[in-house]
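As structure tokens, the structure follows; a few thoughts come after it.
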Amino acid sequence: MNAASPRAIPSVDRLLAALEPHPLPRTLVTRVIRKHLAALRSATIPQVPSFAELVAQLRAQLETLAFSRLQPVINATGILAHTNLGRAPLSLPAASALNAIAPGYSNLEFDLPTGQRGQRGAYLESAIALLCEAEDATVVNNGAAALVLVLRHLIRADRNEVVISRGELVQIGGGFRIPDILETSGARLREVGTTNRTTTDDYRAAIGPATALILKVHRSNFFMEGFVESPDTASLVSLAREHAVPFVEDLGSGALVDIADLAPVAHEPQPQETLRAGADLVCFSADKLLGGPQAGIIVGRASWIQELKRDPFFRALRCDKLTFAALQATLETYLQAQSGQRVDRLHDIPMLAMMQASEAELRNRADAILLAIADLPATFEAGAGKAQVGGGVCPRSTLPSVTLRCRPKDCSLEQLAARLRLRPLPIVGFIAENCFQLDLRTVFPSQDSALIHALREVLTQPQDGAGELGL
Ligand SMILES: *Cc1c(COP(=O)(O)O)cnc(C)c1O
């Protein structure tokens, strides 16, 4: 070897000893070290970093890894069903149901009176059917799965065309494009109309012997204004009847109650309305406006629902006991409210409670928080905010809200935002109008004290980079 011999790569054990104690499980730490060393060996870098540099690099990687663990956060974005933050928060009854079912055995598929094998989801399905005024109902893993199952089931080799408006070939969130879902299901698109205008006659002209169904997709994450036309569900239903083809509507959000009664937002179509208008099948998500766990619900014609459940593909999409437990508890809250026993119970559903909070309530909370943080090195004020339902719901409606606006004295807006995100209980706000903002509509009142505490810590304790890991 010549004089400039390369620095030796340290052993895994030596690096592990230097990193310990680490909050992540030791096997994970070892894996990160091994991967990093393997990358160093295969890289064509001229010099192996010093031991101290190497430890610092590994610490940074471990920190990134630790932050990717699933953990609670405070949502101060003002987006209620925030897809990146886990969509609908569950109600306390739903959380207790998880607690009751998760650690033990349950009668998931067991009939207690006879001691025989029972029907999975029977109680849940009848609760959904009742709430949606449907003949029957069933549940799968999510809204996308519900749509795929319905399409696959209604499509035959010689009858595979799905008639759909060009204005509804939409993308809903990451990776959910209606055209792709249709093609995955073996369907052929029969696009009708134009992006902004589709008439009943456009649909009529497209129906033929190859038509498998007419599909209407609720344009849930955007809206069009101006020279816009599309037939309502009832006209499409009568057209479908005329030609004896099924009519299916993908509603997306699944509002079981009229949200326009709860908050100053546009009416969101409810499954029961769509069924009353004559739709054969309607599908929607359980974790948007409904406020339950991730699931996809299909309601409608009993004979079709029964067939869907016998489709071998159904087995690949079925939900587990935890989803059933949380959904059952959520739906019981609606049933109790509906039967007039406890209308106030709807407040138990965080999605609905957040929608219902009045501006005065939010303003009072903001005032109390401002009082508690008045001494901090930043300027604070309460401002008007615009919360959104999110999850692709009510794109045209924003909910009047109240935001705490902050301009820190000793750091940038981005630094403040990052420091709050990197805390043991991360807080996610946003930067707008040259302020860092926290929208109080999506912060639970019980979290206000955590906001105060966090702002005090990040604004008074100089930090370099991340806080502690939340382990
Ligand atoms: C959200 C949405 C879906 C997808 O539902 P997931 O539960 O996210 O799978 C499908 N269609 C519409 C119209 C939606 O809004």
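Counting starts at 1 for both ligands and their atoms, in listed order. For this chain, numbers begin at 1 and follow the sequence in order.
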_side chain to side chain donor-acceptor pair (under 3.5 Å) partners of Thr330, counting only residues at least two apart_ = none
Hey, which atoms in ligand 1 end up nearer than 4.0 Å to a heavy atom of [X]?
X: Gly143; result: 5 (O), 6 (P), 7 (O), 9 (O)
X: Ser285; result: 5 (O), 6 (P), 7 (O)
X: His218; result: 13 (C)

Does [X] reach ligand 1 with a nitrogen or oxygen that is under 3.5 Å from one of the ligand's nitrogen or oxygen atoms?
X: Asp250; answer: yes
X: Leu251; answer: no
X: Asp287; answer: no
X: Arg87; answer: yes

*Would you mind reporting whether Arg87 and Ser285 have side-chain heavy atoms less than 4.5 Å apart?*
yes
*Under 4.0 angstrom from ligand 1, any heavy atom of Lys288?*
yes
*Where the side chain of Thr199 meets the backbone of Asp202, is there a donor-acceptor pair that is under 3.5 Å apart?*
yes
*Between Thr442 and Asp439, does any side-chain donor sit less than 3.5 Å from a side-chain acceptor?*
no
*Not counting sequence neighbours, which residues clear salt bridge (charged side-chain N to carboxylate O under 4.0 Å, His left out) with Lys321? List them please.*
none
*I would like to know whether Glu135 and Arg301 meet salt bridge (Lys or Arg N to Asp or Glu O under 4.0 Å); could you show each step before the answer?*
CA-CA 6 Å; Glu135 281 181 18; Arg301 221 176 255 280; 5.8 Å; no
